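Counting convention: from 1, in listed order, for ligands and their atoms alike. All figures in this text were calculated on a predicted structure; none of them were measured in a lab. Computed over heavy atoms, backbone and side chain alike; hydrogens, waters and symmetry mates excluded.
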Amino acid sequence: MIIDDKIIYDLLENSKNKTKLDIQKVIEKAKTMVGLSPQDIAILLQVDDQQQMEEIYKIAGDIKSSIYGKRIVMFAPLYVSNYCVNNCIYCGYKRDNIFQRRKLTQEEIQKEVQVLEKMGHKRLALELGEDPINTPLEYTIECLKTIYETQDNQNGSIRRINVNIAATSVENYKKLKKAQIGTYILFQETYHRETYEVMHPKSLKGDYEYHLNAFDRAMEAGIDDVGAGVLFGLYDPKFEVLALMIHNQHLEDKYGVGFHTISLPRLKPAEGVSFEDYKHIISDSDFKKIIAIIRIAVPYTGMILSTRESKEMRKEALLYGISQLSAGSSTGVGGYQKIEKDEEQVKQFETSDERSPLEVMKSLLKDGYIPSYCTACYRKGRTGDRFMALAKAGTIQYVCTPNALMTLKEYALDYGDKEFISLADKMISSEIENIDRDDIKKLTIKNLKELEAGKRDLYL
Ligand code: SAM
């Protein structure tokens, strides 16, 4: 059994009433960037002393900048179908919500992708509801092919597609692997069995064990990049964080590699979803605390924050650990082409940060970050334990920063306005100076020149 409720409750109980000194020991360990055990995590989750909390935020920020530097990876979700046989009570696409369901044709997907490419996107997360009749796995495979083959007239192309579809069989995961998916993403929603059953009544998704074991099946099928998440707001967040970390440890022990990314969605209003029914909605301050603790617990795992959160929250969360942001997102089917008018569209949930990718990336540059559309690791086969080995050795920085700078240059040339180009060029010049290996520095400068001359898609 991967998740044993009793073990988690015991961890939480035993971590209460720890002395300041006990907590300080964990804080000192956190500084060494080796990650934390479930016991340590439980102790940090109980901290409410202001001074110690400040220290935790500081360590999380230090870990974030020493491992990820200034890079922030950018992406957008693409919803292709809202047919769904499930009845997840928190979701706008639940079966009981009666509205005209839609799945995009391959031609509509092409158009949707062209809109995304015109915004400059290179990385997508493909999203669809579960419906074996209307959208069998073959539909997803077709969508992947269409997206990869759709090229905007100018320079647009989607270079990586992460896939967020329902838990499935080893056979199907093998097919997804063959179709060249990036990360396979699946949120557990809640690790608490009883709550899971209440939230997912009478449905395919209602089988807790099948859902929980999905990453094991994906790994058995050869997918070594998996992305996890919890929908915060369904159950006690402390329980969820510990369970998430135990799930990660299970994959590390069994397959040598844990989650590639962790997403941090918080419950948002949606059609037929009222906040009053949820007792575990988390406050902004608890949410920030969770982000910082996860960053410390798994220093090398990417952390994703979507446009569910406001621009203010996203800005702050970048300080404590978030390394990937979506931008310009639509959570409706056909939402980018506005096939239906906004007011008529049923969305899976509401979004908060409505800025365009250009605006988001400008503000990132102003705050000293390097927005990155890099897709090199997966295209060079640096996935799973190979990626982790490089990341842990620190050598990854010699490819990540140059690649981020190259994609930034490319974006500036193809999609930037005057202000963006000036911000990007300033960032690129100062960052090149910081590359301490001469060969890498020279190669980066050469590639940047080639981009200016019209070449595209250069990476190390
Ligand atoms: N097949 C998946 C599904 O339909 O659940 C994939 C698509 S969905 C975008 C991905 C996630 O959105 C879900 O796993 C869930 O955690 C999240 N979600 C659903 N309803 C939500 C809500 N009301 N607020 C915030 N996130 C929500």
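Distances from atom 25 (C) of ligand 1 to the heavy atoms of R308, E130, H200 show the closest one on R308. Considering each of K205, K268, E350, Q188, the one bringing a non-hydrogen atom nearest atom 5 (O) of ligand 1 is K205. For the residues Y79, Y90, F232, the heavy atom positioned nearest atom 23 (N) of ligand 1 is part of Y90. Counting only non-hydrogen atoms, the option in Q348, E189, K347, E127 that gets closest to atom 3 (C) of ligand 1 is Q348.
In this structure, atom 10 (C) of ligand 1 lies nearest to the protein heavy atom N164 ND2, 3.2 Å. Looking from atom 1 (N) of ligand 1 to the surrounding protein, the closest heavy atom is L128 O, 2.9 Å. In terms of protein heavy-atom proximity, atom 27 (C) of ligand 1 is closest to F349 CD2, 3.5 Å.
Seen from the ring of Y148, R160 does not count as a face-on cation partner, given the 6.0 Å and 45° thresholds. Taking the centre and axis of the six-membered ring of Y369, the NZ or CZ atom of R71 falls outside the cone set by 45° and 6.0 Å. A cation-pi arrangement is absent between R159 and Y373 under the rule of less than 6.0 angstrom and at most 45 degrees off the ring axis.
S363 and R355 form a side-chain donor-acceptor contact under 3.5 Å, judged by distance and modelled atom types alone.
Looking at ligand 1, you won't find any N or O of I165 less than 3.5 Å from one of its N or O atoms.
Annotation: the span from F187 atom CZ to I262 atom CD1 amounts to 11.0 Å, rounded to 0.5 Å.
Annotation for ligand 1: atoms under 4.0 Å from non-hydrogen atoms of R266 are 25 (C). Near F187, meaning under 4.0 Å from one of its heavy atoms, ligand 1 places the atoms 11 (C), 13 (C), 14 (O), 16 (O). Taking every non-hydrogen atom of C91 and a distance limit under 4.0 Å, the qualifying atoms of ligand 1 come out as 20 (N).
A salt bridge does not link K122 to E117: none of the charged side-chain nitrogens sits closer than 4.0 Å to a carboxylate oxygen.
Using a 4.0 Å heavy-atom cutoff, L186 is absent from the residues neighbouring ligand 1. Using a 4.0 Å cutoff on heavy atoms, L267 counts as a contact of ligand 1.
Heavy atoms of L231 found under 4.0 angstrom from ligand 1 belong exclusively to the side chain.
In this structure, Y196 and H211 have tilted ring planes: the angle between them lies in the 30° to 60° band. H192 and F239 have perpendicular rings, their planes meeting at more than 60° on a 0 to 90° scale where under 30° would count as parallel.
The shortest heavy-atom contact between K103 and Y83 is N-CE1, 3.7 Å.
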